[in-house]
Amino acid sequence: MFRTQKRRALERTNFGKEVVREQDYPDRLNMYLIPPLAEITLDQFEEWALDRLRILSEIETCLFRNRNMKMTEQTVKPLLEQYLALSPNSVSGRVSKGSQLDDERKKDHYSHFILRLAFCRTDDLRRRFVKAETVLFRIRYTSADITEQHALLARYNFGWTPVSDDEKRSLQEFLSFSSSESTYATSSGESYFKVPFERVPELIESRKVFLKDGVAYVPASQQLSLILNEFSEKLERALEVTARALPRLDEDDRLLPILAHLSKGFVAPEYIPDNSTTGALGHGVVRAAQVDSLVPHFPLCMRTLHSALRRDSHLRYFGRQQYGLFLKGIGLSVEEALTFWRTSFSKCTDEKFSKEYRYNIRHNYGLEGNRRNYKPRSCAQILTDAAPGANEHHGCPYRHFSEDNLVAAIQGLGVSDQGVLRGVRDDVRNKQYHVACTRVFEATHKAVGAKSAVGVGVGMESITHPNLYFDRSMQFAKQVETVENESGK
Ligand code: SF4
């Protein structure tokens, strides 16, 4: 990507067959050993990376919340379908469409390498990236069928040596003792691989392999662990190489700002409006007078701003920006926004309002200045912006409030469960602010008697945008209402 023609030609010559092999995408499982070479647009560069980042961010949240693999899969698979689908060569015996497969695999391949550039910069970023990517690879590998798994093993030579029948017979006693109960029962029929012991530390730790002369005898039933180890080790090494090469990156100034933005964290990037709520509250539908009644659906950051606005009849610039764009996102038109802010700033004269505030409100809607249509700010942007100073109320309460004030604010939302409050404290100490926000969302959206709660708990994408919180809360209220109507309450 983005290389000079000379260098591109050189690489094609150097890597020859191998490059073609991975660039052709014959199978969907990819170990990402060879970087992509074709050109893509800057828009694709950013969009594909952001889509993958959304998945990795969700995986990291699941890991942080100690969700097991099954729960993680339940949460991540719907997102994968939406943002990073990877179809098999054939579904139920029917061959999938070639161009669609290529597009999906190309996006997967490129997005992985783009994020390598963004996440190779520090030890911490590399560690988090490897962990999340390995889980993603595991989800894909375990949902692939046996043919696809074999195709992966055939394509990448891992250097594992199969144990011959003679050797297996001679070591039968040791192999059986080192195996699990189920393996013990079938050990005579089980195949084994010889692998240098340092490549399977967790199998040694859990005593699942027989060790002899620095070689681990790994049963085929433990193959997954072996493959995941290969994947994460290769990725770790590749990231270190990339980190060393990054200062010499042959590119213009267009990529570095994107990479810097991506590496700010594993965060959900852009707000994607949810159609199921825009039907009821589409853009331009919410009126200024309705805002107060919608506050129970706002996340803590926006409630804080709203309370300050009502108390002081004023908000400083950064608060107006954060809250104004959020309100724009929930469907306040520019006319309604002008009405809302005018009535809210009740202590200021018409003249002062027109002079000092009107322009900024219209500017946010792309009607003044550079005429950019600004989007509501995501949690990532809010969390990385400047912290609020004296008499300012913008930012994220999970990050910027003292622990006591935060707990009091959450209790004010009706959350008294000590387990939830403890969880929030832990999240905040670990700087997982959006996880704390998601925890509070779950605690405040438990429907008694409702059949199921929309987007709550396992399977729910975590809160990474204030407008996503709002959408989820509105959806939830609608579902509760439907269930109550059906049950004749
Ligand atoms: Fe607002 Fe996001 Fe903080 Fe929640 S995590 S309070 S939505 S900024």
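Everything quoted here is computed from the prediction, not taken from an experiment. For ligands, and for the atoms within them, numbers begin at 1 and follow the listed sequence.
Note on atom 2 (Fe) of ligand 1: protein N/O/S atoms under 2.8 Å are Cys379 SG.
With Arg439 as the fixed residue, the salt bridge (Lys or Arg N to Asp or Glu O under 4.0 Å) test singles out one of Asp426, Asp417, Asp427: Asp427.
Under the side-chain hydrogen bond (donor to acceptor under 3.5 Å, both in side chains) criterion, Tyr433 pairs with no residue, sequence neighbours left out. Partners of His306 under the ring-ring contact (aromatic ring centres under 6.0 Å, His included) rule, at least two apart in sequence or in another chain, are Tyr323.
Evaluation of the salt bridge (Lys or Arg N to Asp or Glu O under 4.0 Å) test over residues 76-89, restricted to residues two or more places apart or in two chains, returns Glu73-Lys77.
A salt bridge links Asp385 with Arg377; the closest basic N to acidic carboxylate O contact falls under 4.0 Å.
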Pair His434-Thr61, side chain to side chain donor-acceptor pair (under 3.5 Å): steps then yes or no: CA-CA 9 Å; His434 75 290; Thr61 302; 3.2 Å; yes

